[in-house]
Amino acid sequence: MDAFYASVELLRYPQLKGLPVVIGGGRRKVDDALLQHPDGSGPREPCFIPVSEFPLLKDYVGRGVITTASYAARQFGVGSAMGMMKAARLCPHAIVLPVDFDEVRRFSRLFKSTITEIAPVMQDRGVDEVYIDFTHVPGGQREGGRVLARLIQIGVAPNKLLAKMASEFHKPKGISIVHEGDLQPLVWPLACRKINGIGPKADDKLAAHGIHTIGELAARSRAWLVQHFGKATGAWLHDAAWGRDERPVVTESEPVSISRETTFERDLHAVHDRAELGRIFTALCEQVAQDLQRKGYAGRTIGIKLRYADFRGATRDQTIGQATQDAAMLRRVAGQCLKRVPLQQRLRLLGVRVASLVPVAEAALHPAAAHSPGPAQGETLGLF
């Protein structure tokens, strides 16, 4: 889904179409005030809010990062995962809006429901991405896949590796069909980073060997790549450079873990900001519990993630005897994990994670109190 988070907001605020819009950061007072009549008479319809009243990126103060940006904003060099303060220097007049996760998930479900009506073999890759296999979809092979590609605006290729690349070729609203014979003219001139799975470190290592493009990677032998990158990675790099990918479209898969985390607008101290941290910590546990309940899972391993003001990180987890999806239980066990990490420094990020997941039908859940590993209700857990 192209610029998905921004597209969701443009449905709510059609008056912003064609303007630079940045999505990111947490909801602020200015965002809530936007939905109220200036005269205090109550809420107003989002589509009637004058453009001049929307908050601008130049006035943003905080450490949030951009989730996505409209194409009008991208022309100024603004992009996903960029710090919003940095983006403000590039495009100060961009409108900034927070992420509405409930609305994003709602449209994601609609999107996937539409896809499966056309092509039932679909692999879910998150809120804004899927792989589909339309080998056996009636009419799917017409015009080499172009009929279906035009219908649902996708990149089409013989396998998932090339389809991922094809989906990026002609954004927005462009159609890309990549055949095996297109590898040399279309794929080999691209930078190695265009291969999904080659990150910054691998790219730097390839560059140190004089390998910058996929074609230059393809020119190295499998044996040479295995020698310099290891057996598994070297073989994968060779196959990827030659457009080989045997992974099927998997329609059923079990999640490994479910987590929520948040980066604070300012560094928080475990003692001085205890009330605020406690509220955030409880909210994260409740959100993870809701995610577990919505997806039909419970988990036995509950953990926390911290990032300090100096960017060092810490994680702790604890495994309990009975899988749970109860928010109070998650809060209790995660609170015990907090007791095992230093909390003298200020914090910039806090996260809660549940792993060792099992479907609820297999969990034989009992009331949380029956398998509580922690102190009695009302006792202080951790420092918040």
Side-chain angles (χ1 to χ4, degrees), residues 1-35 44-108 110-111 125-130 153-155 164-176 190-191 193-194 196 199-200 203 261-266 348-349:
M1 292 284 276
D2 202 23
F4 181 50
Y5 291 78
S7 299
V8 168
E9 292 304 317
L10 293 179
L11 290 172
R12 192 199 320 257
Y13 303 114
Q15 63 270 45
L16 301 183
K17 287 184 178 179
L19 300 178
V21 176
V22 164
I23 309 298
R27 179 167 289 279
R28 302 157 297 159
K29 290 182 179 179
V30 65
D31 301 307
D32 293 326
L34 183 67
L35 298 174
R44 55 180 171 175
E45 289 295 324
C47 60
F48 296 131
I49 299 172
V51 172
S52 60
E53 295 186 20
F54 283 84
L56 298 179
L57 191 56
K58 68 180 180 65
D59 299 319
Y60 177 85
V61 177
R63 288 197 306 243
V65 297
I66 293 175
T67 303
T68 194
S70 67
Y71 274 86
R74 295 182 191 189
Q75 293 176 3
F76 293 87
V78 173
S80 301
M82 177 182 290
M84 292 174 65
M85 296 290 281
K86 177 182 178 180
R89 295 192 292 271
L90 298 174
C91 190
H93 60 289
I95 290 165
V96 57
L97 296 170
V99 178
D100 185 337
F101 287 106
D102 289 338
E103 195 73 347
V104 164
R105 283 190 286 266
R106 185 173 75 86
F107 276 104
S108 178
L110 287 171
F111 154 61
R125 289 282 297 171
V127 294
D128 62 350
E129 180 175 306
V130 298
Q153 298 285 310
I154 55 175
K164 174 72 173 177
M165 292 185 189
S167 70
E168 302 282 343
F169 281 168
H170 299 302
K171 287 189 172 184
K173 296 183 179 180
I175 299 298
S176 298
L190 301 176
R193 282 293 303 275
K194 291 295 183 180
N196 188 32
D203 192 49
E261 63 183 46
T262 184
T263 299
F264 310 132
E265 295 292 333
R266 62 180 180 87
R348 61 179 289 117
L349 176 147

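Because the structure is a prediction, the values reported are computed rather than measured.
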What's the separation between atom [atom1] in [X] and atom [atom2] in [Y], rounded to the nearest 0.5 Å?
| X | Y | atom1 | atom2 | value |
| --- | --- | --- | --- | --- |
| C91 | F76 | SG | CZ | 4.5 Å |
| R28 | L97 | CZ | CG | 8.5 Å |
| E9 | K17 | CD | NZ | 13.0 Å |
| E129 | M1 | CD | CE | 11.5 Å |
| I95 | L16 | CD1 | CG | 4.5 Å |
| R12 | E103 | CZ | CD | 5.0 Å |

Measure from the side-chain N and O atoms of [X] to the backbone N and O of [Y], and report whether any donor-acceptor pair falls under 3.5 Å.
| X | Y | value |
| --- | --- | --- |
| R74 | G79 | no |
| Q15 | I49 | yes |
| S176 | E168 | no |

Answer whether the closest heavy-atom distance between the side chains of [X] and [Y] falls below 4.5 Å.
| X | Y | answer |
| --- | --- | --- |
| Y13 | L34 | yes |
| E265 | Y60 | yes |
| P55 | D31 | yes |

Closest contact, heavy atoms only, [X] versus [Y]:
| X | Y | result |
| --- | --- | --- |
| A72 | G18 | CB-O, 3.6 Å |
| P50 | R44 | CD-NH1, 3.9 Å |
| T67 | S80 | O-OG, 3.1 Å |
| A73 | V22 | CB-CG2, 4.3 Å |
| V61 | M85 | CA-SD, 3.9 Å |
| V78 | A69 | CG1-CB, 4.0 Å |

Which one of V99, D100, V104 satisfies the side chain to side chain contact (heavy atoms under 4.5 Å, CB included) criterion with D102?
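Going through V99, D100, V104 one by one, the side chain to side chain contact (heavy atoms under 4.5 Å, CB included) with D102 is satisfied by D100 alone.
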
Let's go through T263 and V65 carefully: what are the C-alpha distance in whole Å and the side-chain angles of both, what is the deciding distance for side chain to side chain contact (heavy atoms under 4.5 Å, CB included) to 0.1 Å, and is it a yes or a no?
CA-CA 9 Å; T263 299; V65 297; over 6 Å; no

May I have the step-by-step check of side chain to side chain contact (heavy atoms under 4.5 Å, CB included) for V127 and Y5, ending in yes or no?
CA-CA 10 Å; V127 294; Y5 291 78; 3.3 Å; yes

Which residues pass the side chain to side chain contact (heavy atoms under 4.5 Å, CB included) test with Q75, not counting sequence neighbours?
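Side chain to side chain contact (heavy atoms under 4.5 Å, CB included) check on Q75 returns nothing, list empty.
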
Indicate the ring-plane relationship of F111 and F4, choosing parallel, tilted or perpendicular according to the 30° and 60° boundaries.
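It falls in the tilted class, 30° to 60°.
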
Taking it one step at a time, do M84 and V96 satisfy side chain to side chain contact (heavy atoms under 4.5 Å, CB included)?
CA-CA 9 Å; M84 292 174 65; V96 57; 3.2 Å; yes

Flag the pair D32 and K29 as a salt bridge only when some basic side-chain nitrogen lies within less than 4.0 angstrom of an acidic carboxylate oxygen.
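Looking at K29 together with D32, the answer is no, because their closest N to O distance does not fall below 4.0 Å.
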
